[in-house]
Amino acid sequence: MTDSFLVINADGPETRVALVEDGLLAELYIERKQERGIAGNIYKGRVDRVLPGMQAAFVNIGLEKSAYLHVSDVRGTPDDLRRLVSAGEGQGRGAAQDDDEDNEPSGPPGGARIEDLLREGQEIVVQVTKEPISTKGARATRYISLPGRHLVFMPTVEHVGISRRISSDKERRRLREIIDQMRPPGTGFIVRTVAENVPEKDLRADMDFLIKLWNEIVRRTQNSRCPALIYNDLDLLLRTVRDMFTPEVGKLIIDSRAEYDKIKKFIAAFMPDFTGQIDLYDGPEPIFDGYGIEIEIDRALERKVWLKSGGYLILDEMEALTAIDVNTGRFVGKKNLEDTITQTNLEACREVAEQLRIRSLGGMIVVDFIDMDRASNRDRVTRAFNDHLRRDRSKAVVTRISELGLVEMTRKRTRESLLHALTEPCEHCEGKGYTKSRRTVAYELLRELRRQGNLIEGDTVLIEVHPDVAQVLATTDHAYLEDMEKRLQKRIVVKARGSFSLEDFELRSPGQKTPLDRSDGERDGDRADRRRRRRKKLGPPAEVEAMLEEEERSSAANQEEEPVRDDPDSRNDERAGGRRGHDMEAAAGGSASAADARLQAGTAEVLAGAESQPAPVSGSTSASSGTQQGVSDTTADSAATDTPKPQG
């Protein structure tokens with residue numbers, strides 16, 4: 001019996017899925033009902049911009065930000081398709097990550113340029129491959145793929161791929177022969193790992209369902225206005241059952257009766273062999289508390305992660321990369337320093353690999369292992385790190401450890417990290433992770449007093465500051481405050497305000513309610529605006545004042561020109577935006593039909609099964625003469641609408 005199982009918390013406003021391996025949390029997925037992910041969705045969109053300098057285009061798919069479409073994700077000529085599939089067996093995306101497959105093209109298709117393939121205003125069908133992350137919009141592709149339980153259907157690519165995790169040559173030949181015999185001409189399939197030793201009738205049922213699903217997508221594309229959502233992928237609950245509930249997973253435990261019944265129906269239709277492996281949790285405490293998962297989630301948000309030996313990791317997520325530092329901490333070893341360092345690094349290998357999965361870290365990652373003198377020890381750590389990464393379903397590329405102990409790696413990122421998904425920037429430090437020290441703020445306050453102290457009426461100046469800053473002014477730096485009283489010839493009263501952040505302070509007269517505006521704010525704007533400005537040249541006070549006056553004049557001139565930009569073209573853009581919003585509402589209304597049921601596994605049509613043979617598949621998304629011919633027609637000279645059309 002395997003030690004892996006799935007725990008699903010679905011009785012609240014969000015669905016949380018935890019994969020437990022060997023008694024430890026291995027992966028965590030979270031989907032909120034108000035913030036459902038869009039990866040895997042298919043949209044009918046309009047090309048907003050074509051950028052030859054970036055060899056990319058931006059496609060309006062009805063979201064807040066346009067989707068990014070690289071030239072490598074645009075279907076080109078038949079030669080381009082052959083290059084796409086010539087790199088290796090079975091390249092698949094999204095749901096097929098557990099099969100070591102990646103259906104995204106690895107480079108620009110045959111040197112074709114984006115301006116030759118797309119033009120602004122063209123309507124195309126795209127699929128989202130990567131969720132919007134941080135300030136970036138979604139990433140999309142025109143290589144559509146529809147994942148099923150055993151197969152991934154690629155209606156626009158004529159290719160058959162077998163998962164590399166199926167090692168038996170005999171089984172690979174059997175599966176390839178079955179798929180080649182059944183697949184419609186001009187289409188492609190990826191055989192997933194779970195299809196190993198699966199009977200032909202089950203593969204046929206999976207293929208029939210995917211073909212029917214694609215034909216329904218084609219029909220909806222033709223009847224929808226642009227932009228519109230054409231196909232909504234399964235929710236996290238059913239995606240988990242479809243993609244993660246494999247023979248290696250012993251059981252699935254869920255705490256919601258309604259979702260439990262939903263999963264039972266889905267499994268009865270697609271995975272009858274797993275019917276007895278689902279349990280309904282009825283414990284007195286929340287399911288994640290009962291299994292000890294909640295505390296592991298809190299641990300996964302910490303910057304420091306302790307190792308069993310007493311060493312620890314420091315994980316810093318940044319915009320460009322994630323840095324992981326390994327330290328010996330309290331571990332002192334037994335033999336010698338080299339052995340102590342090597343043992344710490346070996347223990348860190350497993351913990352780093354686990355943290356990458358739990359935290360969903362992706363992109364560029366640098367692991368700073370402790371320096372080792374012996375090359376044999378560095379090779380040993382490299383091998384151990386690669387061994388622990390083999391259980392990871394996301395594709396990773398790792399370099400050899402350097403003499404300085406650095407390992408550079410990339411890990412495929414398709415969703416936000418756990419830290420970004422569950423947290424938001426601190427309102428006090430604005431996400432920097434630090435604030436000015438109390439002494440720094442105290443000295444800024446003294447300088448502000450020198451600038452504006454004489455502007456305060458009366459003989460008393462009231463200063464309101466954070467209690468820690470007030471403590472500094474009242475003790476170690478009280479002498480400076482006394483000197484300022486002598487300079488201003490005014491009495492200075494310091495009042496602590498617990499509601500202030502550390503960097504905030506106010507100056508005013510005791511009889512006034514409104515404090516003085518801070519002079520640095522008047523000169524340079526607020527902190528956010530200050531960071532956006534370029535560095536300034538320095539010089540004598542007269543030159544600095546002249547530059548500030550010039551900036552003020554330029555800003556005033558720009559503000560005066562602003563109303564001029566409100567020309568008829570701008571109003572036309574606003575009306576066009578209104579029409580797009582109306583189109584989206586109409587498309588959303590049109591999608592609320594019985595066809596939606598067929599687009600979600602677990603609906604009446606899916607659960608009932610297909611009695612008759614499926615309709616002929618549409619193997620192209622732009623013409624009826626086959627996939628490759630349709631691909632070659634996708635040029636700047638093509639018609640404005642490039643949407644799927646059924647065959648016959």
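Just so it is clear, the model here is predicted, and its values are computed rather than measured.
Remark: side-chain polar atoms of R357 are not paired, donor with acceptor, to backbone N or O of S394 under 3.5 angstrom. A donor-acceptor pair under 3.5 Å links the side-chain atoms of N345 to the main chain of I370, judged by distance alone. No donor-acceptor pair closer than 3.5 Å links the side chain of T382 to the backbone N or O of R400. Between the side chain of E485 and the backbone N or O of I492, at least one donor-acceptor pair lies under 3.5 Å. Between the side chain of D279 and the backbone N or O of L252 there is no donor-acceptor pair closer than 3.5 Å. Under the 3.5 Å distance criterion, the side-chain polar atoms of E503 are left unmatched by any main-chain donor or acceptor of V441. Side-chain atoms of R438 do not come within 3.5 Å of backbone N or O of L502 as any donor-acceptor pair. R359 places no side-chain N or O within 3.5 Å of a backbone atom of S417 that could act as its donor or acceptor partner. Judged by distance alone, the side chain of T240 and the main-chain N or O of M244 form no donor-acceptor pair under 3.5 Å. In this structure, E338 contributes its side chain and D373 its backbone to a donor-acceptor pair below 3.5 Å.
Salt-bridge check for R36 with D235: failed, with every basic side-chain N at 4.0 Å or more from each acidic carboxylate O. R299 and E302 are not joined by a salt bridge, as no carboxylate oxygen comes within less than 4.0 angstrom of a charged side-chain nitrogen. For D392 and R411, the salt-bridge test passes: some basic side-chain N is under 4.0 Å from an acidic carboxylate O. Ion pair R391/E248 not flagged as a salt bridge, since none of the NZ, NE, NH1 or NH2 atoms sits closer than 4.0 Å to an Asp/Glu carboxylate oxygen. With respect to D73 and R139, a salt bridge is recorded, a charged nitrogen being found less than 4.0 Å from a carboxylate O. R257 has no carboxylate O lying under 4.0 Å from a charged side-chain N of D11, or vice versa, which leaves the two without a salt bridge. Between E351 and K308 there is no salt bridge, since none of the side-chain N atoms of the basic residue sits less than 4.0 Å from a carboxylate O of the acidic one. Comment: R415 does not engage E31 in a salt bridge, judged by the lack of any side-chain N to carboxylate O separation of less than 4.0 angstrom. A salt bridge links E464 and R497; the closest N-O separation between the charged side-chain nitrogens and carboxylate oxygens is under 4.0 Å.
Between L481 and V494, the closest heavy-atom pair is CD2-CG2, 3.7 Å. For Y68 against A56, the heavy-atom pair with the smallest separation is CE1-CB, 3.4 Å. When every heavy atom of V128 is checked against every heavy atom of A138, the shortest pair comes out as CG1-CB, 3.9 Å. For R303 against D316, the heavy-atom pair with the smallest separation is NE-OD1, 2.6 Å. Here the closest heavy-atom approach between residue A320 and residue M364 is recorded as O-CB, 3.9 Å. Closest approach of E131 and A39 over heavy atoms only: OE2-N, 3.0 Å.
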Problem set entry | Verdict with supporting geometry, D233 and N41, side chain to side chain donor-acceptor pair (under 3.5 Å) | CA-CA 5 Å; D233 197 10; N41 291 358; over 6 Å; no
For this session: Take V191 and H150, measure what side-chain contact (heavy atoms from CB on, under 4.5 Å) needs, and give me the verdict at the end.
Result: CA-CA 6 Å; V191 181; H150 303 107; over 6 Å; no
Problem set entry | side-chain contact (heavy atoms from CB on, under 4.5 Å) assessment of K335 paired with T340 | CA-CA 7 Å; K335 297 181 180 179; T340 300; over 6 Å; no
For this session: Go through the steps for R447 and R451 under the test side-chain contact (heavy atoms from CB on, under 4.5 Å), then give the verdict.
Result: CA-CA 6 Å; R447 287 190 289 270; R451 295 188 194 103; 4.2 Å; yes
For this session: Would you sort out whether Y312 and R330 count as a side-chain contact (heavy atoms from CB on, under 4.5 Å), showing the intermediate values?
Result: CA-CA 9 Å; Y312 62 89; R330 297 191 295 261; over 6 Å; no
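The CG atom of L19 sits 7.5 Å away from the OH atom of Y29 when rounded to the nearest 0.5 Å. Taken to the nearest 0.5 Å, the CD1 atom of I463 stands 7.5 Å off from the CG atom of L446. If you take CG on L418 and CD on Q355, they are separated by 10.0 Å, rounding to the nearest 0.5 Å. For the atom pair CD1 (I358) and CG (L24), the distance works out to 8.0 Å, reported to the nearest 0.5 Å. Atom OH of Y443 is separated from atom NZ of K436 by 14.5 Å, given to the nearest 0.5 angstrom. With rounding to the nearest 0.5 Å, the separation of OG1 in T15 from CZ in R239 is 10.0 Å.
Considering only heavy atoms from C-beta on, V367 stays 4.5 Å or farther from L406 through its side chain. Annotation: side chain of I267 is in contact with side chain of F245 (closest heavy-atom distance under 4.5 Å). Inter-residue side-chain proximity for P132 and K65 is flagged as unmet; no heavy-atom pair is nearer than 4.5 Å. When side chains are defined from C-beta on, D468 does not count as touching Q471, because their heavy atoms never get closer than 4.5 Å. The shortest distance between side-chain heavy atoms of V352 and L389 does not fall below 4.5 Å. Taking the side chain as every heavy atom from C-beta outward, L346 and V381 approach each other to under 4.5 Å. Using a 4.5 Å heavy-atom cutoff, the side chains of V407 and I324 are not in contact. No side-chain heavy atom of F270 sits less than 4.5 Å from a side-chain heavy atom of L238.
Within 6.0 Å of atom CZ in R508, more than 12 heavy atoms from other residues, nucleotides or ligands are found, so the atom counts as buried in its surroundings. The number of heavy atoms from other shown groups lying within 6.0 Å of CZ (R32) is above 12. Other residues, nucleotides and ligands contribute over 12 non-hydrogen atoms within 6.0 Å of the CD atom of E285. Counting heavy atoms of neighbouring residues, nucleotides and ligands inside a 6.0 Å radius, atom CD1 of I295 does not exceed 12 of them. The local environment of OH in Y480 is sparse, with at most 12 non-hydrogen atoms from other residues, nucleotides or ligands closer than 6.0 Å.
Under a cutoff of 6.0 Å and an axis angle of 45°, R149 and F274 form a cation-pi pair.
The aromatic rings of F369 and F385 sit perpendicular to each other, their planes meeting at more than 60°, with 30° as the lower class boundary.
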